[in-house]
Peer 1: 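Supplied in C-alpha cells, the structure appears directly below.
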Number of protein chains: 2
Amino acid sequence: MPKITLKKIAAILGISPATVSKALKDYPDISNDTKIKVKALAESLNYKPNSFAQSLRNQESKIIGLIIPKIVHHFFSNIINGVIDAASNKGYLVITLQSHESYEQEKDQINSLIEKNVDGILISLSDHTVNYKHINAIIEKGVPVVLYDRTSKLVNCSKVIINDRKAGYEATKYLIETGCRKIAHIRGPLKPQTTIDRFMGYKNALKEHDLPYDKNLVFETEHLSFEDGFEVAEEIAKHRHDIDGVFSTTDLLATGVMVKLQQKGIKVPDDISIMGFSNWFLTKITTPTLSTIDQPGYEMGRKTFDLLYDELCQIKNGESVSHEVVEIATRVVPRNSTKFIES
Amino acid sequence: MPKITLKKIAAILGISPATVSKALKDYPDISNDTKIKVKALAESLNYKPNSFAQSLRNQESKIIGLIIPKIVHHFFSNIINGVIDAASNKGYLVITLQSHESYEQEKDQINSLIEKNVDGILISLSDHTVNYKHINAIIEKGVPVVLYDRTSKLVNCSKVIINDRKAGYEATKYLIETGCRKIAHIRGPLKPQTTIDRFMGYKNALKEHDLPYDKNLVFETEHLSFEDGFEVAEEIAKHRHDIDGVFSTTDLLATGVMVKLQQKGIKVPDDISIMGFSNWFLTKITTPTLSTIDQPGYEMGRKTFDLLYDELCQIKNGESVSHEVVEIATRVVPRNSTKFIES
DNA sequence: AATAACCACGAAAACGTTTTCGCTAATTCC
DNA sequence: GGAATTAGCGAAAACGTTTTCGTGGTTATT
C-alpha cells in the first residue's frame with residue numbers, strides 16, 4: 001500500500017505538485033475548477049499530508065512536551081488531563097515525561113524534547129532542581145517554556161501557580177471560624193517552597209485572629225506519607241490534648257493523622273478538626289470525609305497550555321512575547337472532618 | 001542564534017555534508033582523521049541532528065502513541081508510567097491521549113496519531129467501542145498496534161492482559177480459605193468483559209469448593225462508584241445477615257461497602273470479610289486496610305511497550321512479524337479486611 | 001492597436017538528512 | 001611496471017511539502 005503524496009495526485013491530474021498544494025489550501029491564485037478536482041481526488045484517495053515534510057518545511061511540529069515530577073499522583077494526573085485536553089483542542093499533541101523528582105533526569109528529558117523539536121515545553125520543577133541553567137538555556141534558544149505549580153523566580157517565563165500562602169491562610173482561617181483555637185500545623189519536609197508558603201499562611205491566619213503562634217504546634221515529618229501522619233497523631237494523643245485542630249500540608253498526611261487519632265479514641269471533628277490540602281480523590285472516601293483545599297489540577301493544566309499557546313501565536317505573528325503569571329484560585333472544601341460554621 | 005546543521009559543519013571544515021554525516025555515524029569509508037575532526041567540531045558546536053529531516057528520510061519518528069480510556073485513575077496512570085519508562089529506555093517518546101471511554105474520540109485520536117506518523121500505537125479499548133474496523137484498518141496499513149488490558153479477540157495483534165477469570169477465582173478462593181462460606185459478589189455493570197470474567201472466576205471457585213452458587217448473592221450496580229457500594233451494603237445489612245464474605249469487582253466499590261457496613265455495626269472482617277480488586281492506592285489507607293487483587297499496571301505498561309518494540313525490530317529487520325499474547329500475573333494481597341488463613 | 005492589468009499555473013529552491021554510486025589517488029599484487 | 005584492489009571522499013537524488021517568483025495567455029483600458 002504505497003503512501004499517497006502530493007506528487008502522485010499531481011501526476012494523476014496532470015498538473016504540478018505546487019498547484020495541488022495550493023488548491024488544497026485554497027490559495028486565491030488557483031481556479032475553482034482545479035480546486036474542486038484536486039479536493040475531490042485527495043478526498044477519495046484519503047490523502048494525508050506527511051507531517052515530517054510539513055514540519056521540516058514549516059519549522060513546527062505541533063507537538064509540545066510536558067514534564068511531570070510524578071505521574072502516579074492525583075494532582076499531577078489531573079494536570080496531564082487538562083494539558084492534553086486543551087492541547088488537542090488546538091491541534092497539538094503532548095509528549096509526557098516524568099522527572100521522578102530528579103534534576104539529572106529533568107535535564108535529559110528537556111534535551112530529548114528539544115531534539116524532537118517540540119514547539120514548547122511545560123515543566124513542573126523537580127524537588128531536587130536547584131539551578132535553572134538548563135531551563136534558561138532553552139528559553140534563550142527561543143523555545144517557549146511555561147512553568148506550572150513548582151516554579152522559580154529565577155526563570156523568566158510564564159507561570160501558572162496557586163497562591164499557597166493564601167490557601168494556607170484560608171485553610172487555617174476556616175478552622176478558626178469553625179471554633180478551633182489551638183491549631184497544629186503539619187508542614188512535612190522543610191524545603192519545598194510550597195510547604196514554606198502554606199506554613200506562612202498558617203502563621204498569618206493565627207496572627208490576624210489574635211491567636212498566639214506556638215512553634216511547638218508545628219510538626220515536621222520526613223516524607224509526606226500516610227505513615228508519617230501516624231507518628232504525629234501518636235505524639236498529639238500522648239502529649240498534646242489541648243490541640244483542637246490540625247492543618248496538614250497534604251491530604252495523605254492528614255488522613256494518616258485522622259485515622260490514628262480515631263484509633264486512639266479521639267473524635268474527629270468533635271475533639272479535633274482536621275484540614276487537608278489538595279482535594280485528592282481519597283478525601284471523599286475517608287471516615288469522616290476530609291475537609292481540604294481544592295487545588296484544581298485540571299484547570300491548571302488547561303491554563304498552562306493556554307499560556308504556551310499564546311506565546312506560540314505571538315511568535316508566529318512576529319509580535320514580541322509577553323510573559324504572564326496566572327494564579328489559579330483554590331477554595332476551601334468543607335467536609336466532615338471539620339465542624340460547621342456557627343452562624 | 002542560527003541552527004547548526006550538517007551543511008554548516010561541512011562548510012567550516014571544507015568537506016561535503018555527506019562526509020560529515022558518515023563521519024558522525026562511524027562509516028567505515030571515512031578516515032580516522034576526518035572522523036576525529038568532524039566529531040570534535042560537532043561536539044563543540046553542540047550539533048543536534050534535525051529530527052524532522054531524519055524522520056522524513058528514515059520514515060520513522062521514534063514516537064509512539066498511547067491511548068488510555070481515563071488518565072486520572074490509579075491503574076491507568078501506572079500504565080502510563082510503565083510505558084513511558086520502557087519507551088525512554090529504548091529512545092522512544094510517548095504521545096498520550098485519552099479516549100474518555102468514547103468510541104468516536106478513540107477513532108479521532110488514532111487518526112491524529114497516524115497523521116503524526118507515530119511508529120506504533122498502544123491502545124486500551126474504550127468501554128463503548130463495539131467494532132474494531134478502525135483498529136484493523138491501521139494494522140493493515142502496517143502500523144503496529146498492541147492492545148493492553150481491554151482487548152478483543154477480533155483484533156489480530158499482540159496483547160497484554162491479566163487473566164480476570166483466574167484472578168476472580170483466586171480472590172474467591174482466598175475468602176473461602178479464610179473461612180467464608182456465604183460469599184457475595186458485586187460485579188458492577190453487566191457488560192464489560194473484565195467483570196464477566198471475574199464473575200466466572202467467582203463461580204468456578206465456589207464450585208470447586210463445593211459451595212452452592214446462589215444468584216441472589218450476586219449484586220449488580222449501575223456504576224463502579226463508592227456510593228454504589230453503599231446501596232449494596234444497606235441491602236446486606238437489612239436482609240442478608242447470612243453473608244460472611246464479599247468479593248467486589250473493584251476496590252472503590254469494596255471500600256464503599258466496607259465503610260457502610262461498619263457504620264451499620266457490622267464488623268470487618270469478623271462478621272464479613274471483604275475483598276477488592278486492583279490494589280489501588282486507597283486500599284492502603286482504609287480502616288481496616290483492604291485485601292485485594294494486585295493488578296500490576298506499571299509492569300503491564302512496560303510489557304506492552306516491549307511487545308511493540310519487538311514488532312518494530314522485526315519490521316526493521318525485514319522479518320515477518322509475530323503476535324504474542326502476554327498474561328501478566330495477578331496476586332492476592334492479604335490485608336486486614338479478610339481473616340488470616342488458619343494453619 | 002498598443003498598453004496595462006489580471007488570471008492560472010509551474011519551475012525551482014528550500015527545509016536537513018541519508019545513502020548509493022562513482023570517482024580519484026594510493027596501495028597491493030603478480 | 002602494469003593490473004587490480006582499496007581507501008577516502010563527494011555528487012546527487014531522495015524523503016514530501018511549501019512558497020516565491022516568473023511566465024504565458026487572456027481580458028480590460030485608452
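Side chains are part of it too, since the values below use all heavy atoms of this structure and drop only hydrogens, waters and symmetry mates. This one's a predicted model, so the numbers in the text were calculated from it and none came from an experiment. Every chain is numbered from 1, with letters handed out A, B, ... down the list of sequences.
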Peer 1: Once you round it to whole Å, what is the distance between P of D/dA7 and OH of B/Tyr27?
Peer 2: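 Taking OH of B/Tyr27 and P of D/dA7, I get 17 Å after rounding.
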Peer 1: Which pairs count as side-chain hydrogen bond (donor to acceptor under 3.5 Å, both in side chains) when at least one residue sits in residues 67-83 of chain B, sequence neighbours excluded?
Peer 2: A/Gln98-B/Asn81
Peer 1: Please classify the nucleic acid contact of A/Ser55 as base, sugar-phosphate, or nothing, using heavy-atom distances under 4.0 Å.
Peer 2: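 Result for A/Ser55 = nothing.
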Peer 1: Could I get the full list of side-chain contact (heavy atoms from CB on, under 4.5 Å) partners for B/Gln314, not counting sequence neighbours?
Peer 2: B/Glu311, B/Glu319, B/Val321, B/Ser322
Peer 1: Could you tell me which residues satisfy salt bridge (charged side-chain N to carboxylate O under 4.0 Å, His left out) with A/Glu324, sequence neighbours excluded, listed by chain and number?
Peer 2: none
Peer 1: Give me the bend of the helix from C/dA1-D/dT30 to C/dC30-D/dG1, using the axes of the five pairs at each end, rounded to 10°.
Peer 2: 50°
Peer 1: Between B/Thr34 and D/dG8, is there a side-chain N or O to OP1/OP2 distance below 4.0 Å?
Peer 2: no
Peer 1: For residues 28-38 of chain A, which side-chain donor-acceptor pairs fall under 3.5 Å, sequence neighbours excluded?
Peer 2:
{"from": "A/Ser31", "atom 1": "OG", "to": "A/Thr34", "atom 2": "N", "distance (Å)": "3.3"}
{"from": "A/Ser31", "atom 1": "OG", "to": "A/Thr34", "atom 2": "OG1", "distance (Å)": "2.4"}
{"from": "A/Lys35", "atom 1": "NZ", "to": "A/Tyr27", "atom 2": "O", "distance (Å)": "3.0"}

Peer 1: I need the NZ-P distance between A/Lys35 and C/dC7, as an integer number of Å.
Peer 2: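 Going from NZ in A/Lys35 over to P in C/dC7 covers 12 Å.
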Peer 1: For B/Leu13 and D/dC9, what is the distance between atoms CG and P respectively, to the nearest whole Å?
Peer 2: 11 Å
Peer 1: Would you give the length of the straight line joining atom CD1 of A/Ile68 to atom CD1 of B/Ile80, rounded to the nearest 0.5 angstrom?
Peer 2: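 Interatomic distance, A/Ile68 CD1 to B/Ile80 CD1, rounded to 0.5 Å: 9.5 Å.
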Peer 1: Can you name the residues that form a side-chain contact (heavy atoms from CB on, under 4.5 Å) with B/His134, not counting sequence neighbours?
Peer 2: B/Tyr103, B/Glu106, B/Lys107, B/Ile110, B/Thr129, B/Asn131
Peer 1: In whole Å, what is the span from the CG atom of A/Asp33 to the P atom of C/dA8?
Peer 2: 9 Å
Peer 1: Go along nucleotides 10-17 of chain C 5' to 3' and tag each nucleotide: B for a protein heavy atom under 4.0 Å from its base, S when only backbone or sugar atoms are that close, - otherwise.
Peer 2: BBBBBBBB
Peer 1: Filter on salt bridge (Lys or Arg N to Asp or Glu O under 4.0 Å), then keep only pairs touching residues 39-57 of chain A, sequence neighbours left out; what's left?
Peer 2: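 Residue pairs passing salt bridge (Lys or Arg N to Asp or Glu O under 4.0 Å), neighbours aside: A/Asp26-A/Lys39, A/Lys48-B/Glu115.
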Peer 1: Which residues pass the side-chain contact (heavy atoms from CB on, under 4.5 Å) test with B/Ala18, sequence neighbours left out?
Peer 2: B/Ser16
